[in-house]
Amino acid sequence: MKKFLSKMPVMIALLSLAVVGLVFYVVMLARPVSYGMTYTYTHTVSEDEASLDTPAGTTISMKMQIMSDKRANVIITTDLDTGKTEMMNEMWIIRNGNQIALIPTSMTEEEYDQMVEEYKADEETWNAIWEGQYGAQVFDINSFRILPPVADGEVVDTMICNDAIVFAVVWGVIELALITFGVLSLVFYKKADKSTPAETTESAEVA
């Protein structure tokens, strides 16, 4: 292993992969939205929340996939004693930095683009959207979670992106291994490079 790691091509390859992998890792963790990944929230209905349609003990899960800065898929699953029901909605969204607004209306993409353009052209209207007006549901978002804006001391339901968490852990381990082997390869290469002239000189003297 030491002999293999002390080779220049191996050292260059490992260090290059470590640098590229680190940049990719930081970008993936820092991005405001985990596009295509699933954010999930599960809730069990309590006695206080129970109704005829959703008795106490009913499990309701909500999954959201942000497909782009325009579209999101929302899947709500209700697990009753009589079986599971699932409802899927494709929704338009508007993103403003680390916030998204779900638009519960049906429209074409051209109508959506025109609506967003008009909202952005009017600063007062644009700001009002992020205060929860105009019927839009507003959420804070990052790579790992989605939640409504939180007031001081308020407890809210948080949607967690387990896919992003798994990626962070797995890629973190891979990146740590690349850095470790890259550094070891550099150290072994330097040692081998220093020992080569001495060995050559000794061979020449013996001859």
Side-chain angles (χ1 to χ4, degrees), residues 23-46 48-54 58-80 84-168 171:
V23 171
F24 175 71
Y25 188 57
V26 170
V27 169
M28 289 292 287
L29 296 186
R31 63 183 182 159
V33 180
S34 291
Y35 292 105
M37 294 184 179
T38 303
Y39 295 83
T40 304
Y41 166 71
T42 301
H43 175 70
T44 301
V45 177
S46 66
D48 295 336
E49 301 168 323
S51 67
L52 186 61
D53 294 329
T54 53
T58 300
T59 301
I60 300 174
S61 66
M62 180 177 178
K63 297 180 180 180
M64 185 185 300
Q65 289 181 321
I66 310 298
M67 308 311 296
S68 69
D69 284 343
K70 293 184 177 183
R71 289 184 177 275
N73 294 329
V74 178
I75 302 172
I76 299 176
T77 303
T78 305
D79 192 355
L80 298 162
K84 288 185 178 181
T85 61
E86 186 172 280
M87 179 175 64
M88 177 177 175
N89 292 317
E90 292 185 5
M91 304 190 74
W92 292 107
I93 65 171
I94 306 174
R95 188 165 76 83
N96 181 29
N98 277 28
Q99 286 185 302
I100 60 170
L102 298 180
I103 310 299
T105 56
S106 177
M107 64 184 75
T108 65
E109 186 166 3
E110 290 75 15
E111 291 171 335
Y112 164 86
D113 290 337
Q114 182 179 352
M115 178 193 69
V116 174
E117 186 177 341
E118 290 174 354
Y119 283 162
K120 289 184 175 180
D122 185 338
E123 184 176 354
E124 184 177 344
T125 301
W126 182 251
N127 292 334
I129 291 172
W130 308 110
E131 295 173 1
Q133 300 180 28
Y134 293 95
Q137 294 176 282
V138 178
F139 299 88
D140 293 332
I141 187 170
N142 63 28
S143 293
F144 299 99
R145 56 103 182 105
I146 297 176
L147 74 163
V150 183
D152 292 340
E154 184 182 4
V155 178
V156 297
D157 299 331
T158 304
M159 301 186 72
I160 302 297
C161 186
N162 292 313
D163 295 344
I165 294 173
V166 171
F167 166 81
W171 194 264

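Computed over heavy atoms, backbone and side chain alike; hydrogens, waters and symmetry mates excluded.
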Participant: Flag the pair Arg145 and Asp140 as a salt bridge only when some basic side-chain nitrogen lies within less than 4.0 angstrom of an acidic carboxylate oxygen.
Facilitator: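 No salt bridge links Arg145 with Asp140.
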Participant: In Å, rounded to the nearest 0.5 Å, how long is the span from CZ of Phe139 to CG of Leu147?
Facilitator: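 So the gap between those two atoms works out to 9.0 Å.
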Participant: Taking the side chain as every heavy atom from C-beta outward, state whether Met62 and Met64 have any atom pair closer than 4.5 Å.
Facilitator: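 Met62 reaches Met64 side chain to side chain.
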Participant: Within this structure, what is the CG-CD1 distance for the pair Asn98 and Ile141, rounded to the nearest 0.5 Å?
Facilitator: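 So the CG of Asn98 and the CD1 of Ile141 are separated by 8.0 Å.
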Participant: Where do Ser143 and Ala164 come nearest, in terms of heavy atoms and distance?
Facilitator: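 Scanning both residues, the minimum pair turns out to be O-CB, 3.2 Å.
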Participant: I want to check something: taking the side chain as every heavy atom from C-beta on, are Thr58 and Ile60 in contact at a cut-off of under 4.5 Å?
Facilitator: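 Yes, at least one pair of side-chain atoms sits under 4.5 Å.
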Participant: Between Trp171 and Leu29, is a side chain to side chain contact (heavy atoms under 4.5 Å, CB included) present by the stated rule, with each step listed?
Facilitator: CA-CA 11 Å; Trp171 194 264; Leu29 296 186; over 6 Å; no
Participant: To the nearest 0.5 Å, tell me how far Ile103 CD1 sits from Ile94 CD1.
Facilitator: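 CD1 of Ile94 is found 4.0 Å from CD1 of Ile103.
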Participant: Students often mix this up, so state it plainly: with edges at 30° and 60°, are the rings of Tyr112 and Trp92 parallel, tilted or perpendicular?
Facilitator: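 Parallel: the ring planes of Tyr112 and Trp92 meet at under 30°.
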Participant: Can you tell me how far apart CD1 (Ile100) and CE (Met91) are? Round to the nearest 0.5 Å.
Facilitator: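 Here the rounded value is 10.0 Å.
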Participant: May I have the step-by-step check of side-chain hydrogen bond (donor to acceptor under 3.5 Å, both in side chains) for Gln114 and Glu110, ending in yes or no?
Facilitator: CA-CA 6 Å; Gln114 182 179 352; Glu110 290 75 15; over 6 Å; no
Participant: Quick one, Tyr39 and Ile66 - any side-chain contact, counting heavy atoms below 4.5 Å?
Facilitator: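 Heavy-atom side-chain distance check passes, below 4.5 Å.
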Participant: Could you state the interatomic distance from CG (Asn96) to NZ (Lys120), rounded to the nearest 0.5 Å?
Facilitator: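 Answer rounded to 0.5 Å: 8.0 Å.
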Participant: What is the ring orientation for Trp126 with Trp130, classed by angle as parallel under 30°, tilted 30 to 60°, or perpendicular over 60°?
Facilitator: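 Plane angle over 60°, so perpendicular.
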Participant: Going from CZ on Arg31 to CE on Met28, what distance comes out if it is rounded to the nearest 0.5 angstrom?
Facilitator: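 The distance works out to 3.5 Å.
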Participant: Indicate yes or no for a side-chain donor-acceptor contact from Ser61 to the backbone of Thr42 under 3.5 Å, with no hydrogens or angles considered.
Facilitator: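 Here the side-chain-to-backbone pair does not exist.
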Participant: Could you check if a side-chain atom of Lys70 sits within less than 4.5 angstrom of a side-chain atom of Asp113, using non-hydrogen atoms only?
Facilitator: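 Yes, side chains in contact.
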